[in-house]
Amino acid sequence: FGFATPAQVGALFVVALCAYPENRAECYKMIDTLKGPQRLSLMEKEFIQERMVGKANYIGKAYLKGATPENDYTPERPYKVVIEEDEETDAELGFARVLIWTAGAHNPRLLKLRQKGKDWFLWEYTALFSDVRRPWTRDPWA
């Protein structure tokens, strides 16, 4: 597992999001590594923190296979992330686009990666912080 393919980096990013509730600093370190030579800025850290308010315990798990709002985003084991290439993945030289699926939304979320040498790194990742449906135990209307 590593940086050899955009899908590998996408899966590792989901793992980093899952780490956030337990250890925010480690989550940031993981994302820093996934971003390659470009580190998280203070503004990016604040963005992540703001988007995690009230959702930190399930937003990362929402991207794991088998996790649904109905089962409080409890994923299947072994953990898997469903990722597919976007149809326009090769539209821009040195960049790739992948789609990461969640049962918490109608459409997959886009992740854009940038290549450096033979490795791939996070480039645009904020779509994974978009709202997903709340777990049923947290939804007053369920």
Side-chain angles (χ1 to χ4, degrees), residues 1-36 38-116 118-142:
F1 220 59
F3 299 90
T5 69
Q8 288 175 336
V9 176
L12 290 170
F13 182 57
V14 170
V15 170
L17 296 181
C18 290
Y20 185 92
E22 298 300 320
N23 191 327
R24 184 182 312 171
E26 284 301 313
C27 171
Y28 292 152
K29 284 182 190 177
M30 293 163 101
I31 295 172
D32 269 342
T33 301
L34 295 173
K35 284 179 58 84
Q38 182 178 342
R39 298 294 182 223
L40 278 171
S41 68
L42 179 58
M43 189 168 70
E44 287 175 300
K45 289 178 181 178
E46 289 172 354
F47 171 85
I48 293 169
Q49 183 177 349
E50 183 180 289
R51 293 300 188 273
M52 288 293 203
V53 171
K55 300 181 272 184
N57 289 323
Y58 65 88
I59 195 79
K61 293 190 295 184
Y63 295 101
L64 297 174
K65 187 174 181 184
T68 67
E70 295 80 12
N71 69 12
D72 290 325
Y73 291 112
T74 303
E76 298 173 1
R77 288 183 182 237
Y79 298 136
K80 293 180 182 178
V81 181
V82 180
I83 299 176
E84 64 185 51
E85 282 191 2
D86 181 60
E87 59 189 38
E88 296 182 28
T89 195
D90 296 324
E92 197 175 353
L93 186 62
F95 291 88
R97 295 163 43 120
V98 296
L99 301 170
I100 301 183
W101 287 90
T102 174
H106 295 292
N107 298 310
R109 303 300 165 83
L110 181 68
L111 190 67
K112 189 172 181 181
L113 302 109
R114 185 171 183 177
Q115 192 172 29
K116 181 174 180 171
K118 293 182 180 183
D119 292 329
W120 290 94
F121 298 98
L122 283 179
W123 189 249
E124 293 176 12
Y125 55 88
T126 58
L128 273 76
F129 291 100
S130 298
D131 281 338
V132 295
R133 289 190 302 274
R134 281 190 241 168
W136 277 26
T137 57
R138 293 181 185 207
D139 187 350
W141 296 100

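Remember, predicted model here, so these are calculated numbers, not experimental data. Throughout, numbering of the chain's residues begins at 1 and tracks the sequence.
- Side chain of Q38 to main chain of K35: no donor-acceptor pair is present (N/O by atom type, distance under 3.5 Å, no hydrogens or angles).
- Residue L40 holds its CG atom at 11.5 Å from CD of E46, rounded to the nearest 0.5 Å.
- Between A127 and L110 the shortest heavy-atom distance is CB-O, 3.4 Å.
- Between the side chain of R109 and the backbone N or O of I100 there is no donor-acceptor pair closer than 3.5 Å.
- Residues P75 and L64 come closest through the heavy atom pair CB-CB, 3.5 Å.
- Screening W123, Y125, W120 for a ring-ring contact (aromatic ring centres under 6.0 Å, His included) involving F13 leaves a single residue, Y125.
- Listed here is the closest heavy atom pair of T102 and A62: OG1-O, 2.7 Å.
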For the pair I48 and I31, evaluate side chain to side chain contact (heavy atoms under 4.5 Å, CB included) and give the outcome as yes or no after the intermediate values. CA-CA 11 Å; I48 293 169; I31 295 172; 3.9 Å; yes

Run the side chain to side chain contact (heavy atoms under 4.5 Å, CB included) check on V98 and D86 step by step: do they pass? CA-CA 5 Å; V98 296; D86 181 60; over 6 Å; no

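- A donor-acceptor pair under 3.5 Å is formed between the side chain of Y28 and the backbone N or O of K45.
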Start with the C-alpha distance between V132 and Y73, add both sets of side-chain angles, then the distance that settles side chain to side chain contact (heavy atoms under 4.5 Å, CB included), and finish with yes or no. CA-CA 11 Å; V132 295; Y73 291 112; 3.8 Å; yes

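- For the pair E22 and Y20, the minimum side-chain heavy-atom distance is 4.5 Å or more.
- Taking each heavy atom of F129 and M52 in turn, the nearest pair found is CE2-CE, 3.9 Å.
- Panel note: side chain R133, backbone A103; a donor-acceptor pair is recorded below 3.5 Å.
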Take F3 and L34 through the side chain to side chain contact (heavy atoms under 4.5 Å, CB included) test and state the conclusion after the steps. CA-CA 8 Å; F3 299 90; L34 295 173; 3.6 Å; yes

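- With rounding to the nearest 0.5 Å, the separation of CG in L17 from CZ in R51 is 13.5 Å.
- Considering R97, R114, K112 as possible partners of E92, the one that fulfils the salt bridge (Lys or Arg N to Asp or Glu O under 4.0 Å) test is K112.
- Scanning both residues, I83 and A11, for their nearest heavy atoms gives CD1-N, 3.6 Å.
- Taking all atoms of both residues into account, the shortest heavy-atom contact from L128 to L111 is CD1-CD1, 4.1 Å.
- Atom OG1 of T137 and atom CD of E70 lie 11.5 Å apart (nearest 0.5 Å).
- With sequence neighbours excluded, the residues forming a side-chain hydrogen bond (donor to acceptor under 3.5 Å, both in side chains) with D131 are K55, listed by chain and number.
- Between the side chain of E50 and the main chain of F47, no donor-acceptor pair closer than 3.5 Å is present.
- A donor-acceptor pair under 3.5 Å is absent between the side-chain atoms of D72 and the main chain of P135, judged by distance alone.
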